[in-house]
*Asks:* 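Dropping the structure in here first, questions after.
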Amino acid sequence: MKYMVQMTVNPPKDMDPQEWQEILRREKEYGQAFMKNGKFQHIWRIVGEFANVSIFDVESNDELHTILAGFPLFPYMDMNVTALAKHPSALN
Ligand SMILES: O=C(O)CC1=CCC(=O)O1
């Protein structure tokens, strides 16, 4: 099952900058583990925003929720999830 997820990051105003950098480091490591196993297929920066559009390929709503909730930035992001279906004009 494929999903498009838009994530918008809302950095806390009062966090120690080093702590924030450590969260960003862990975010990258966590996300790349799911990129390597094929569940996190694309991530694109939205130009001009601290936000991304991502494509996930997972088994269920529950699996997607578990992955999203595990992002270190989860407490600092707004997420919008859209389920995707095959388009009849798609070549593959
Ligand atoms: O868009 C960002 O920088 C936040 C983010 C979510 C998943 C990821 O890898 O980065």
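One-based numbering, in listed order, for ligands and for the atoms of each. All values derive from a computational prediction rather than experimental measurement.
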*Asks:* Is it the side chain, the backbone, both or neither of L73 that has a heavy atom closer than 4.0 Å to ligand 1?
*Replies:*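 The answer is the side chain of L73.
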*Asks:* From L84 CG over to K86 NZ, what is the distance, rounded to the nearest 0.5 angstrom?
*Replies:*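 Going from CG on L84 over to NZ on K86, the span is 11.5 Å.
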*Asks:* Should Y30 be listed as contacting ligand 1, given a heavy-atom distance under 4.0 Å as the test?
*Replies:*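 So Y30 does not count as touching ligand 1.
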*Asks:* With no hydrogens and no angle check, just 3.5 Å: does a side-chain donor-acceptor pair link S54 and N52?
*Replies:*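 Note: S54 and N52 side chains meet the donor-acceptor criterion.
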*Asks:* Could you tell me whether R45 approaches ligand 1 through its side chain, its backbone, both or neither, with non-hydrogen atoms closer than 4.0 Å?
*Replies:*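 Near ligand 1, R45 shows its side chain, while the N, CA, C and O stay back.
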*Asks:* Contact between M7 and ligand 1, counting heavy atoms under 4.0 Å?
*Replies:*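 Under 4.0 Å: yes for M7.
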*Asks:* May I ask you to decide if the ring planes of F56 and F40 are parallel, tilted or perpendicular, using 30° and 60° as cut-offs?
*Replies:*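 The arrangement is parallel - the two ring planes meet at less than 30°.
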*Asks:* Got a donor-acceptor contact below 3.5 angstrom from the E63 side chain to the V58 backbone?
*Replies:*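 No, E63 side chain to V58 backbone: no donor-acceptor pair under 3.5 Å.
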*Asks:* Could you check atom 6 (C) of ligand 1 against the protein and tell me its nearest heavy-atom contact, residue, atom and distance included?
*Replies:*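 I find the closest protein heavy atom is E27 OE2, 3.0 Å.
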*Asks:* Pull out every atom of ligand 1 sitting under 4.0 Å from any heavy atom of N52, numbered as shown with elements.
*Replies:*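 That gives atoms 1 (O), 2 (C), 4 (C), 5 (C), 6 (C) of ligand 1.
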*Asks:* Quick check against the 3.5 Å criterion: does R45 have a side-chain atom that pairs as donor or acceptor with the backbone of F50?
*Replies:*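 No; zero donor-acceptor contacts below 3.5 Å.
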*Asks:* In the protein, which heavy atom is nearest to atom 9 (O) of ligand 1, and how far is it?
*Replies:*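 So the nearest neighbour among protein heavy atoms is I43 CD1, 3.7 Å.
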*Asks:* Hey, could you give me the CG/OG1 distance between L73 and T8, rounded to the nearest 0.5 Å?
*Replies:*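 Atom-to-atom, L73:CG and T8:OG1 are 12.0 Å apart.
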